[in-house]
Amino acid sequence: MRQRISIAVVGVVAVAALACSLTGGPAGEEGLEATLPPPSEAAVEQTPPPPEPTTASEPEEEKVETKVRASDGMEMVYIEAGEFLMGDDASPFPPEKPAHMVYLDEYWIDRLEVSNAQYRLCVEDGSCAEPRAWEDPNFNGDEQPVIVPWEAARAYCAWVGVRLPTEAEWEKAARGTDGRTWPWGDEFEPNRANLSGAEDGYGFTAPVGSFPGDVSPYGLLGMAGNAAEWVSDWFDADYYARAESSNPTGPASGEQRVHRAPIANGGGGPEKCRCTARYGVDPNWTYGLRCASHTPPRGEDEALPSSNAATTPSSAAEDGPEDGPEDGPKDGPEDTADSTGERAEGTDWPPLRSYRIRTVMTLPEEDVPEDVEGPVEQVFIFEWDGDIPISRMVIGRMEEITLGNRRWTRVGDGPWQEVSLSPEEEAAWQQRWSFAQFWGDAESLEDELKIALPEGIELVPAQIFPVPIKAAMMLQGEESVNGVHCRRYAVDTDLDYTQDLPGGGETHTTGHATGTIWVAHQEGIPPVIVRAVMDEDLMMDGDPSHPSWEHDITDINQSVVIEAPE
């Protein structure tokens, strides 16, 4: 039986080769007066004069912790971890059913909608496109909420270093934990929010924060009225029946995106502006936004100059995607030497001083020879300490240790064999391993690993995944894994492509891959894949294969003890 190789771990095979070379409306109805109207010639007179944004009706102090985001001056509100009731069994709209308890990790979310003035900072930086709404005086006031397509909303949140909120995060921030119907309570008051056209004093959107009565239990303003707001999720009318009970991120794909709250001039009413009302629409339609993050925003003393902020690689399908590995400014160091050492030539990232990598692939019985009892685990281990520098690699029964210009190898418990490396081989080894690029750096990768990547996706350390998996990475949130702060991505994608193998020949793979990938998102650390847990149901050249595998990087920039053979 010929050996089958999971496409998701083609990089591990390449390791050996490289080492050897060194040797719609509520409930989703489209339309419903929710999109931006065509630009008009003149503004509709709005009375009374716009009041100053206010934080009146603030909830109890112990519920509100805020911090200002330096990149655009937005105040973000802390939402504690815990459960809340999502959906409404009493709703006349089936997509809001069933009501169900949802647990969310702690997160931060913008107190107000993003304004035109804030969005203009991104436009002036060259990172955001100017919205067509700015041609319409009904919507282009500096303090009015910006109105943009979904992709532009996602791009803005990435530019300020955060992401769009999930649908669940938006609803909890609007509703709190007591199951209320509207942000302020269970009794509808038509002029409490900007919902009713000119009847509430504004023919169109109002300056953000103009309605202090439209306040949520956490102190967020404008969640019932004013601009409709994009969230990160794809829309599926039946999603609630199968949604995850912990940190749901919506369907893996779809044709419509979710927005919450009706747009002000759309004729809001009691049903449309409930906290649970869901709208599924074309992502090219234009709505407002607010951003979210699992970590506190950077303050003035923490902000990095935008001219020095490198961007992390972007996934074509990130939903904040969120968490592409991925989009927008990284929370990384400036392009100077710092405590992690000087940057290597030709990269925006500091070298890693030390780390351990362990990848385990489990093959079920049908994927192993008949005379071997399954399942079988294939283990790849790599350790590096750059202060010496020294490395240790284990692939199956082969072990290799490299120190300076000396390399020792052995198979199983056999004797060590020592060879000397040329200066060129030694230099290549140090550069490759010091960046955790155990598949090689982006410039020197073998051609068969340089698959035609979608625009905006780059090859980065420990991140050489097949294109369908990278393009399908959907941002779920942020959390610490293996001692590193990470962005967490879900993967659920079909696979179909042909791959050249390092030793010659090719393999055609189809099937499906699911799993979770955690990508480092911490200052001083490249965006390496810190942890990945994947399961695959594949056909490789017509033969079935069902591998599952785990990948972990630990001890990053900590002392790693590797002893050379005696």
Side-chain angles (χ1 to χ4, degrees), residues 53 65-79 106-131 134 142-166 169-170 173 208-209 220-222 227 229-232 287-315 318-334 348 456 475-478 485 487 519 521-523 527:
E65 177 184 349
T66 65
K67 187 173 182 180
V68 174
R69 186 168 64 221
S71 50
D72 62 355
M74 174 64 75
E75 185 179 24
M76 298 191 79
V77 177
Y78 171 75
I79 310 293
E106 62 182 10
Y107 63 101
W108 295 72
I109 188 168
D110 291 358
R111 187 166 196 167
L112 303 171
E113 297 153 319
V114 173
S115 69
N116 284 317
Q118 290 169 320
Y119 187 87
R120 186 172 289 110
L121 299 173
C122 186
V123 174
E124 292 172 348
D125 187 61
S127 299
C128 291
E130 185 171 313
W134 286 359
D142 278 355
E143 297 308 314
Q144 286 179 280
V146 68
I147 306 295
V148 293
W150 183 90
E151 179 58 35
R154 185 205 63 78
Y156 177 82
C157 289
W159 181 75
V160 295
V162 290
R163 57 177 172 78
L164 284 171
T166 64
E169 288 172 337
W170 192 98
V208 297
L220 279 72
L221 298 176
E229 297 177 22
W230 287 117
V231 293
S232 64
Y287 299 100
L289 70 132
R290 68 181 79 213
C291 305
S293 173
H294 275 281
T295 56
R298 287 181 175 273
E300 289 290 349
D301 57 338
E302 304 167 291
L304 299 175
S306 61
S307 60
N308 289 332
T311 58
T312 57
S314 175
S315 165
E318 180 177 346
D319 280 354
E322 22 308 350
D323 201 119
E326 294 14 43
D327 52 57
K330 66 177 179 64
D331 288 340
E334 298 180 46
D348 289 326
L475 182 64
Q476 287 186 313
E478 299 181 15
H485 185 76
R487 286 176 169 174
V519 179
H521 189 63
Q522 180 172 312
E523 186 167 319

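All values below come from the heavy atoms of this structure, side chains included, with hydrogens, waters and symmetry mates left out.
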Tell me the closest heavy-atom pair linking [X] and [Y], and the distance in Å.
{"X": "Gly288", "Y": "Ile147", "value": "N-CD1, 4.0 Å"}
{"X": "Gly209", "Y": "Leu221", "value": "CA-CD1, 4.0 Å"}
{"X": "Ser293", "Y": "Val162", "value": "CB-CG1, 3.5 Å"}
{"X": "Ile109", "Y": "Pro165", "value": "CD1-CB, 4.1 Å"}
{"X": "Val146", "Y": "Pro131", "value": "CG2-CG, 4.0 Å"}

### Query
Are a donor atom and an acceptor atom from the side chains of Glu143 and Ser115 found within less than 3.5 Å of each other?
no
### Query
Is the closest side-chain donor-acceptor distance between Glu229 and Tyr287 under 3.5 Å?
no
Pairwise distance [atom1]([X]) to [atom2]([Y]) - rounded to 0.5 angstrom:
{"X": "Leu220", "Y": "Glu113", "atom1": "CG", "atom2": "CD", "value": "10.0 Å"}
{"X": "Ser71", "Y": "Tyr156", "atom1": "OG", "atom2": "OH", "value": "6.5 Å"}
{"X": "Leu121", "Y": "Asn116", "atom1": "CG", "atom2": "CG", "value": "11.5 Å"}
{"X": "Tyr107", "Y": "Thr295", "atom1": "OH", "atom2": "OG1", "value": "14.5 Å"}
{"X": "Arg154", "Y": "Trp159", "atom1": "CZ", "atom2": "CH2", "value": "14.5 Å"}

Could you tell me whether a side-chain N or O of [X] sits under 3.5 Å from a main-chain N or O of [Y], the two making a donor and an acceptor?
{"X": "Lys67", "Y": "Pro296", "result": "no"}
{"X": "Trp150", "Y": "Val231", "result": "yes"}
{"X": "His294", "Y": "Glu106", "result": "yes"}
{"X": "Gln118", "Y": "Asp72", "result": "yes"}

### Side chain to side chain, Thr66 and Arg111, heavy atoms closer than 4.5 Å
yes
#### Entry: Residues in side-chain contact (heavy atoms from CB on, under 4.5 Å) contact with Asp110, at least two apart in sequence or another chain
Arg69, Met74, Met76, Val114, Arg290, Cys291
### Task
Applying salt bridge (charged side-chain N to carboxylate O under 4.0 Å, His left out), name anything that partners Glu169, two or more places apart in sequence or on another chain.
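Partners of Glu169 under the salt bridge (charged side-chain N to carboxylate O under 4.0 Å, His left out) test: Arg163.
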### Task
Run the numbers on Trp134 and Tyr119 for side chain to side chain contact (heavy atoms under 4.5 Å, CB included), then give the verdict.
CA-CA 11 Å; Trp134 286 359; Tyr119 187 87; 3.8 Å; yes
